[in-house]
Amino acid sequence: MSTRPDWDTYFMDMARLAERRSTCLRRRVGAVVAKDKMVMATGYNGTPKGVTHCEVTGCLREKLGVPSGQRHELCRGLHAEQNAIVQAAYHGVSIRGGTMYCTFRPCVICVKMIINAGLERVVFLGDYPDDLSAAMAAEAGLKMVRLTEPAGGTP
C-alpha cells in the first residue's frame, strides 16, 4: 500500500525537483506556485535567458566575500521565487490567491514580490538569514509555513 502525499508535500517535492536545475554556485533553490491544487509556474535560481551561467563566469558575490542574505544586487542571477513569478507573468497566468513553495525561506526582495503578486501563502523548507523578510510577510498578512520533512527526508 503506497502512502499518498498531502498537497504541501506534493508541491514541495516539485520545488525540490526544480532546485536541481539551478546553476547557482552558492545555494540551489527551487520554487513552485500552485493554485487550486494545480501548478501555475516553476522557477529555480540562475541567470536570465541568454546570460552566461555563474558556473562558467564564477560567482561575483563569492569573489567579493559577500555574506549570504546581503547585497542581492551583486548577483548575476534571479532567485527561484522571482523566476516563478516572472514565468507566470510571461505566460499571462494569474497566481493571485496561490501558494509559493520554496526550498528556502524567501529573502526580503522575493517576499515583496510575493506580496504584490497576490500570493497568500508561502511554504518553505530551509531557513534563510533575512529577518526583514519574515517581519514584512507578517505585517502584510502573508502566511509563512515551514514544512517539516518526514524522517529520512523526501525520496
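The model shown is predicted, which means the values in this text are computed figures rather than measured ones.
- Although no hydrogens or angles enter the test, the distance criterion places a donor-acceptor pair under 3.5 Å between the side chain of Lys35 and the main chain of Arg96.
- Counting only heavy atoms from C-beta outward, the side chains of Pro106 and Ile114 approach each other to under 4.5 Å.
- Of the possible donor and acceptor atoms, one in the side chain of Gln82 sits under 3.5 Å from a partner among the backbone N and O of His79.
- Leu147 and Tyr10 end up in the same hydrophobic cluster when Ile, Leu, Val, Met, Phe, Trp and Tyr side chains are linked at under 4.5 Å.
- Thr47 is listed as a side-chain neighbour of Cys54, based on a closest heavy-atom distance under 4.5 Å.
- Taken together through direct or relayed side-chain contacts under 4.5 Å among Ile, Leu, Val, Met, Phe, Trp and Tyr, Val39 and Met12 form part of one hydrophobic cluster.
- Under 3.5 Å, the side chains of Tyr101 and Asp8 contain a donor-acceptor pair of N or O atoms.
- Taking all atoms of both residues into account, the shortest heavy-atom contact from Ser133 to Asp130 is OG-O, 2.8 Å.
- A donor-acceptor pair under 3.5 Å is absent between the side-chain atoms of Glu81 and the main chain of Cys110, judged by distance alone.
- Summarising the geometry, atom CD1 belonging to Ile115 is positioned 9.5 Å from atom NZ belonging to Lys112; distances are rounded to the nearest 0.5 Å.
- Considering CZ of Phe11 and CE of Met40, their distance stands at 8.5 Å, rounded to 0.5 Å.
- Separating the CG atom in Leu78 from the NE2 atom in His72 is a distance of 12.5 Å, to the nearest 0.5 Å.
- Between Ala41 and Ala84, the shortest heavy-atom contact is CB-O, 3.3 Å.
- Expressed to the nearest 0.5 Å, how far CE of Met113 lies from CG of Leu119 amounts to 10.0 Å.
- Between Leu125 and Arg16, some side-chain heavy-atom pair lies under the 4.5 Å cut-off.
- When atom types are taken as modelled, the side chain of Asn45 and the backbone of Ser22 share no donor-acceptor pair closer than 3.5 angstrom.
- Looking at Glu19 and Thr103, their side chains do bring a donor and an acceptor atom within 3.5 Å of each other.
- Within 6.0 Å of CZ in Arg21 there are 12 or fewer heavy atoms belonging to other residues, nucleotides or ligands.
- Gly43 and Ala18 make their closest contact through O-CB, 3.7 Å (heavy atoms, listed as atom of the first residue, atom of the second, distance).
- Residues Leu132 and Met136 have side chains in contact (heavy-atom distance under 4.5 Å, counting atoms from C-beta outward).
- Contact of the Arg121 side chain with the Leu142 side chain is not registered, since no non-hydrogen atoms from C-beta on lie closer than 4.5 Å.
- In this structure the side chain of Glu55 reaches within 4.5 angstrom of the side chain of Leu25, judged on heavy atoms.
- In this structure, Asp127 places its CG atom where more than 12 heavy-atom neighbours from other residues, nucleotides or ligands lie under 6.0 Å away.
- Between Arg76 and Val51, some side-chain heavy-atom pair lies under the 4.5 Å cut-off.
- Residues Trp7 and Val32 fall within the same hydrophobic cluster, defined by Ile, Leu, Val, Met, Phe, Trp and Tyr side chains chained together at heavy-atom separations under 4.5 Å.
- Distance CZ/Arg61 to CZ/Arg71: 9.0 Å, rounded to 0.5 Å.
- None of Arg146, Met100, Arg105 except one satisfies the side-chain contact (heavy atoms from CB on, under 4.5 Å) rule with Val122; the exception is Met100.
- Neither Ile109 nor Val29 shares a network with the other; the hydrophobic side chains, linked directly or stepwise wherever heavy atoms of I, L, V, M, F, W or Y lie under 4.5 Å apart, form separate groups for each.
- For the residue pair Arg26/Ser68, the side-chain donor-acceptor check at 3.5 Å is not satisfied.
- When hydrophobic clusters are built by joining Ile, Leu, Val, Met, Phe, Trp and Tyr residues whose side-chain heavy atoms come closer than 4.5 Å, directly or via intermediates, Val145 is not grouped with Phe124.
- What you find for Ile95 and Ala117 is that their closest heavy atoms are CD1-CB, 4.0 Å.
- Using a 4.5 Å heavy-atom cutoff, the side chains of Val33 and Thr99 are not in contact.
- Taken from OH in Tyr44 to CZ in Arg20, the straight-line distance is 13.0 Å, to the nearest 0.5 Å.
- No side-chain donor-acceptor contact under 3.5 Å links Thr23 to the backbone of Gly46.
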